[in-house]
Amino acid sequence: MTYQYKREPLSIEEADRLLSSTQTVEEKLCVWGLLETGLRVSELANLNRDQIQWQQRAIRIQGKGGPYGKRSKLRVVPLSDRLRVLFENYFALHDRFPYTARTIQRVVKIVANRAMISKTITPHVLRHTFSILWIHKNGSTRALQSILGHDHLSTTEIYLNMSPQHVLEEFQRKW
């Protein structure tokens, strides 16, 4: 049996702590940008003003995969109101996202330390957390599959591995 590393998503409380521990606009762009869209770190790092559809409140992403290799698959990712405001203010003055993927990783780690979250936090953990939060808000797994850019629902379901704490929280909400 092959071992599959399971990334532990943040709890709702940890996600809230992480979001409120951002201090600068750049930290908010990184942490909110990942946690509220489910983007891959490389997709966020390569984001530019032309990809944002302001009226539709969405981001057009040329994601990995697709029939012709990397970055040939186009998808649309919803843009929350609070992230839209942040992006409008930033992209009014700039054409491109300010950080590389590696810098975004460092920013996430700094903010997680400030939020006193002891588990290892990476941009990909925030992608998993986005998935869990989507399901908690009664979003469908099919819509989540489209947002994350997965060809197969089974890939999306990997992102929904829930910690025992998440299972208990969901049970208490439903019962």
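Sequence neighbours left out, the pairs with a member in residues 93-118 that pass ring pair (Phe, Tyr, Trp, His ring centres under 6.0 Å) are Y90-H94. Listed by first and then second residue, the side-chain hydrogen bond (donor to acceptor under 3.5 Å, both in side chains) pairs involving residues 23-38 are E27-R114, E36-S80, E36-R82 (not counting sequence neighbours).
Residue A58 comes nearest to L79 through the heavy atom pair N-CB, 3.9 Å, listed as atom of the first residue, atom of the second, then distance. Nearest heavy-atom pair, R17 versus I117, reported as atom, atom and distance to 0.1 Å: NH2-CG1, 3.4 Å. R127 approaches L148 most closely through the heavy-atom pair NH2-O, 2.9 Å. In terms of heavy-atom proximity, Q145 sits nearest to D151 at NE2-O, 3.1 Å. The shortest non-hydrogen separation linking L44 to F87 is CD1-CZ, 4.4 Å. Residues P123 and V41 come closest through the heavy atom pair CB-CB, 3.7 Å.
No single ILVMFWY cluster, assembled from side-chain heavy atoms under 4.5 Å apart, contains both V85 and L47. No continuous path of hydrophobic side-chain contacts links W134 to L153 [ILVMFWY only; heavy atoms under 4.5 Å].
For the pair L18 and L126, the minimum side-chain heavy-atom distance is below 4.5 Å. Side chains of R75 and E43 form a contact here, defined as non-hydrogen atoms less than 4.5 Å apart.
Considering only residues two or more places apart in sequence or on other chains, S118 meets the side chain to side chain contact (heavy atoms under 4.5 Å, CB included) condition with none of them. For N48, the side chain to side chain contact (heavy atoms under 4.5 Å, CB included) criterion is met by D50, Q51, R96, not counting sequence neighbours. Under the rule for a salt bridge (Lys or Arg N to Asp or Glu O under 4.0 Å), the partners of R57 that lie at least two apart in sequence or sit in another chain are D81. By the side-chain hydrogen bond (donor to acceptor under 3.5 Å, both in side chains) test, T141 pairs with no residue at all, sequence neighbours left out.
Atoms CG and CZ, on N46 and R40 in that order, are 12.5 Å from each other to the nearest 0.5 Å. Between atom CD of residue Q53 and atom CD1 of residue I59 there is a gap of 9.5 Å, rounded to the nearest 0.5 Å. With rounding to the nearest 0.5 Å, the separation of SG in C30 from CD1 in I110 is 10.0 Å. Q105 contributes atom CD, which lies 9.0 Å from atom NZ of K109 (distance to the nearest 0.5 angstrom). In this structure, F91 CZ and L86 CG are separated by 9.5 Å, a value rounded to the nearest 0.5 Å. The distance from atom CG of L35 to atom CG of L10, rounded to the nearest 0.5 Å, is 7.0 Å.
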* To do: Begin from the C-alpha positions of V108 and L34 and carry the test side chain to side chain contact (heavy atoms under 4.5 Å, CB included) through to its verdict.
  => CA-CA 9 Å; V108 167; L34 291 167; 3.8 Å; yes

* In sequence, state the C-alpha distance, the side-chain angles, and the governing distance for V107 and I104, and then conclude on side chain to side chain contact (heavy atoms under 4.5 Å, CB included). => CA-CA 5 Å; V107 168; I104 294 169; 5.6 Å; no

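Of the residues listed (V77, L39, V76, I61), the one engaging I147 in a side-chain contact (heavy atoms from CB on, under 4.5 Å) is V77, and it is the only one.
Under a 4.0 Å N-O distance rule, the pair R49/E88 does not qualify as a salt bridge.
K119 places a side-chain N or O within 3.5 Å of a backbone atom of P9 that can act as its donor or acceptor partner.
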